[in-house]
Amino acid sequence: MGLLVAQLLTGLANAAALFLVASGLSLIFGVTRIVNFAHGSLYMLGAYVGITLMGVLPGAVGFWGAIVLAGVAVGLIGVVIEICVLRPVYRAPELFQLVATFGVILVIQDLTLMIWGGEDMLGPRAPGLKSVVRILGEPVPQYDLALIAITPFILLGLWWLITKTRVGILVRAATQDREMVGALGVNQSWLFTGVFFLGSALAGLGGAIQLPKGGADLLMDFSIIAEVFVVVVVGGMGSIPGAFIAAVLISVLNVFGVAYVPQSTLVLMYVVMAIVLMIRPWGLLGREEKAGEHGQIGEPQRPIRPAGWIGRSLVLALIAFMALIPVFGSTFTQVLIIDILIFCLFATSLQFILSTGGLVSFGHAVFFGGGAYVAALLVTYFNTPMELAFALAPLGAGVLAIGIGWFCIRLSGVYFAMLTMAFSQLVWSLVFQWGEVTGGDDGLVSIWPSKWLSGTTAYYYFTLAMGIGGILVLRHIMHSPFGYALRATRDSARQAEATGINVKQIQWMAFTLAGAFAGLAGGLFVFSKGSIFPDELSISTSFDALIVVFLGGVKTLAGGVVGAAFMESAKDWLTRLEYWRLILGLVIIAVVIVAPDGIVGSLRKLGERIGIVREEESMR
Amino acid sequence: MTPVLRVENLTRYFGGLRAVHEVSFDVAPGELKALIGPNGAGKSTCFNMLMGQITPSAGKVELNGEPITGLPPREIWRRGVGRTFQITGTYQSMTVAENVQMALISHHRRLFSMLPYAYRLYREEAMALLDVVGMAQQADRACAILAYGDLKRLELAIALAHKPTLLLMDEPTAGMAPRERIALMQLTADIVKERGISVLFTEHDMDVVFAHAHHIMVLNRGELIADGTAAEVRSNPHVQEVYLGGGTLYAAEETSHA
């Protein structure tokens with residue numbers, strides 16, 4: 001009994017920081033409709049700033065003062081981010097905002113590394129709260145009790161701010177109808193900036209307040225963001241009481257998970273999320289998303305046509321050139337091109353659902369890694385011949401996509417994105433924690449191709465055939481009746497339903513196809529590297545794909561391929577620099593703001609302007 | 001002769017609000033019938049129930065003698081009901097012809113086909129339909145750059161793609177200039193006459209209603225208070241009371257139309 005109570009108290013204490021960060025994210029989303037991926041970075045900054053301030057300010061007053069000041073400081077950093085990065089993209093589609101905030105993550109990571117160095121830092125203990133209290137015979141840290149006491153006051157304070165003050169009324173009004181609030185004479189820009197300040201400050205507070213329990217390190221941004229998303233989605237996007245309930249639920253669950261099912265703690269959280277969303281698709285206290293709220297923003301996509309003879313000859317010439325590379329290129333060049341091709345195929349599969357289908361998936365890596373793991377597991381445990389294992393990679397990923405799609409397709413917009421991310425994290429944590437089968441962090445190794453493909457050149461040709469073949473098949477499907485039906489569901493779901501198209505069925509099928517092709521890329525990947533690690537399933541791999549599709553151009557067909565080829569080549573020399581994340585982050589932010597059409601889209605517009613490419617007002 | 005559409009005791013509550021109450025009517029083959037009423041009378045709710053967007057609380061809907069109550073929109077479409085929306089819902093990223101081809105692909109049940117190029121499929125059929133609504137010249141323009149009136153005509157072509165027996169048009173002329181309104185309704189009237197299609201439409205513009213509808217139904221506070229020819233409806237004292245505020249405003253206009 002005593003142990004149970006102690007664990008419960010630990011869980012409640014852990015909920016404090018989680019709730020602070022989640023409520024900030026929820027607040028920002030509710031008003032600005034921006035899913036701030038950099039929220040974890042703000043949390044991390046709060047921790048680092050807090051440590052520095054605690055070193056300067058003495059005593060108990062200094063300790064608590066440092067926490068508050070850290071919150072304010074991070075809030076101000078949030079304001080800078082809002083003004084410089086987000087203001088230009090408020091009217092852009094969700095994906096643009098996501099990518100912009102992802103750029104911010106990279107920038108903050110390197111800036112933090114520059115300022116505080118790479119060493120993990122231990123947080124100071126709270127003055128006067130350093131010992132433990134015995135509750136039913138079990139030791140409970142005093143600081144935990146302090147946190148449990150403080151959290152409800154923060155919730156009450158926020159609740160008071162939102163429901164009782166003028167600012168709160170404006171915030172709630174803006175959550176429901178931004179345009180109307182603007183029309184009534186409220187300065188929206190400053191309201192948004194204010195909300196961003198508050199949300200960021202809450203994240204900073206969360207980072208600083210957990211210092212005595214956790215300290216500060218450079219990985220905390222990603223580790224908290226997944227958890228915070230779960231909390232926000234379970235609680236309901238935009239609902240602060242929901243965030244509180246969910247934070248407590250998830251924290252307590254985690255503590256009991258560690259104690260009783262240590263091998264599946266991570267999985268547990270995502271299972272809870274999946275169950276909640278199955279019963280209440282908009283979270284415990286969330287409100288239903290109105291259809292069309294996040295519909296097409298900006299100029300619509302252009303009508304498409306299969307490439308003409310010029311385009312086809314160019315592609316043929318490129319393929320011929322690549323086929324000749326083993327004759328004069330080095331082994332290193334071939335390996336690099338293998339990597340590029342695999343990434344291109346993966347990105348194209350994402351482009352298919354994202355661009356053609358309008359379904360922004362945040363977890364597409366689950367199918368890439370999933371396909372790779374299917375092949376690797378078959379080889380490891382059943383000695384499956386490489387050819388069969390390779391063929392089963394896309395099949396396995398496709399089956400996985402059927403399952404995950406069944407849950408995700410029922411939602412749309414941000415909720416769809418969140419749910420796909422949750423499922424990819426679920427699979428990732430399964431693979432990560434189920435060490436006996438998947439090798440966990442050590443991955444699965446010595447997964448090599450059959451003898452006839454074992455040479456670099458042989459595998460190069462194999463990848464060339466499979467990779468380019470896959471890309472061309474997907475491209476053809478975009479031009480087929482099915483591809484058109486998919487675009488129809490994206491352009492106007494209502495019209496599609498009213499003309500006999502089963503929108504969800506089409507989307508499910510597209511999701512499955514995209515998953516299978518990502519699995520094909522994963523199969524190519526695992527046999528080219530000879531090994532597979534959980535990283536290939538992780539959020540950052542999903543983001544890599546999103547970013548290349550974005551860089552290439554969302555509203556184009558070739559964006560995925562071009563973006564992936566560009567990125568994979570650029571990465572090769574970029575990663576040799578010490579602060580390459582900073583540079584990449586700044587480039588990403590610049591592209592979002594300056595050239596939102598991406599590489600392909602910008603080139604096409606340039607071509608139209610100088611007259612090389614026909615304006616596509618008329619197709620013939 | 002069985003009516004194309006038979007509606008019996010159609011009822012819908014929203015909580016305590018009686019949006020539509022025991023509405024019954026028929027639409028005969030080849031008939032052009034208008035459903036009018038003040039704002040909030042329940043026209044849209046009624047329409048959305050006929051098309052499957054809203055499930056009725058009670059009552060039934062029959063199409064050519066077969067029940068279609070509670071079916072999803074795409075099933076109702078398959079059974080031969082075409083629809084145009086008050087706010088047009090065309091596919092912005094496709095050309096005008098492709099918009100019609102899309103409906104034809106659905107009509108021919110080729111939605112999951114991945115082999116042929118979609119832009120070549122049913123092109124002739126689509127061009128023929130565009131010709132009917134006078135949009136053939138614009139067939140290869142991007143839908144996103146069409147003028148509003150042209151979008152309305154395109155929607156009409158899409159609605160004709162699967163050879164419907166009944167066309168439901170929700171405020172077909174809303175947002176159009178007066179001359180365009182008359183032209184669009186004349187076009188609609190000609191098409192349905194030629195093809196023997198029945199039309200049920202809602203409309204706020206009384207010029208359009210009285211000039212084109214064979215029969216007019218008046219809905220007020222969720223209840224049907226009149227169903228008859230233009231003359232009958234106009235002389236109905238109940239209608240005059242709720243709709244025209246007791247005056248006989250339209251008697252004068254009648255002569256100008258005649």
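Chain A is the first sequence line, chain B the second, and so forth, proteins listed ahead of strands; every chain is numbered from 1.
The greatest number of non-hydrogen atom pairs below 4.5 Å with chain B, out of A/Thr499, A/Ile506, A/Val473, is found for A/Thr499. The residue among B/Pro73, B/Ser113, B/Ala97 with the most heavy atom pairs within less than 4.5 Å of chain A is B/Ser113. Among the candidates B/Ala103, B/Cys143, B/Pro116, B/Ala159, the residue making the largest number of heavy-atom pairs closer than 4.5 Å to chain A is B/Pro116. Here A/Gly500 is the residue among A/Ser492, A/Ala485, A/Gly500 with the most heavy-atom pairs under 4.5 Å with chain B.
To the nearest 0.5 Å, the span separating CE on B/Met114 from CD1 on A/Ile477 amounts to 5.0 Å. Rounded to the nearest 0.5 Å, atoms CZ (A/Arg305) and CD (B/Glu98) are 4.5 Å apart.
Aromatic ring orientation, B/Tyr117 versus A/His476: tilted (interplanar angle from 30° to 60°).
For A/Ala493, no part lies near chain B; criterion is any non-hydrogen pair under 4.5 Å. Using a 4.5 Å cut-off between heavy atoms, B/Met51 touches chain A through its side chain atoms alone. With a threshold of 4.5 angstrom between heavy atoms, B/Leu111 approaches chain A through its backbone and through its side chain. With a 4.5 Å cut-off on non-hydrogen atoms, B/Phe112 touches chain A through its backbone and its side chain both. Interface remark: B/Leu115 contributes backbone atoms only to the contact with chain A (heavy atom separation under 4.5 Å). Within the 4.5 angstrom heavy-atom criterion, only side-chain atoms of B/Met102, from C-beta onward, approach chain A.
The shortest distance between side-chain heavy atoms of B/Tyr119 and A/Pro306 falls below 4.5 Å. When side chains are defined from C-beta on, A/Gln495 counts as touching B/Glu155, because their heavy atoms get closer than 4.5 Å. In this structure the side chain of A/Pro481 never reaches within 4.5 angstrom of the side chain of B/Gln101, judged on heavy atoms.
Environment of NZ in A/Lys504: crowded, with over 12 heavy atoms of neighbouring residues, nucleotides or ligands closer than 6.0 Å. Counting non-hydrogen atoms of neighbouring residues, nucleotides and ligands closer than 6.0 angstrom, the CG atom of A/Leu316 exceeds 12 such neighbours.
Residues B/Gln92 and A/Asp491 approach most closely at N-OD2, 3.2 Å, considering heavy atoms. Of all the heavy atoms in A/Pro303 and B/Ala142, the pair that sits closest is CG-CB, 3.7 Å.
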A/Tyr484 and B/Tyr91: CA distance, side-chain angles, deciding distance, side-chain contact (heavy atoms from CB on, under 4.5 Å) verdict: CA-CA 10 Å; A/Tyr484 270 57; B/Tyr91 307 131; over 6 Å; no
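Of the possible polar contacts, one joining the A/Arg487 side chain to the B/Ser93 backbone as a donor-acceptor pair under 3.5 Å is found.
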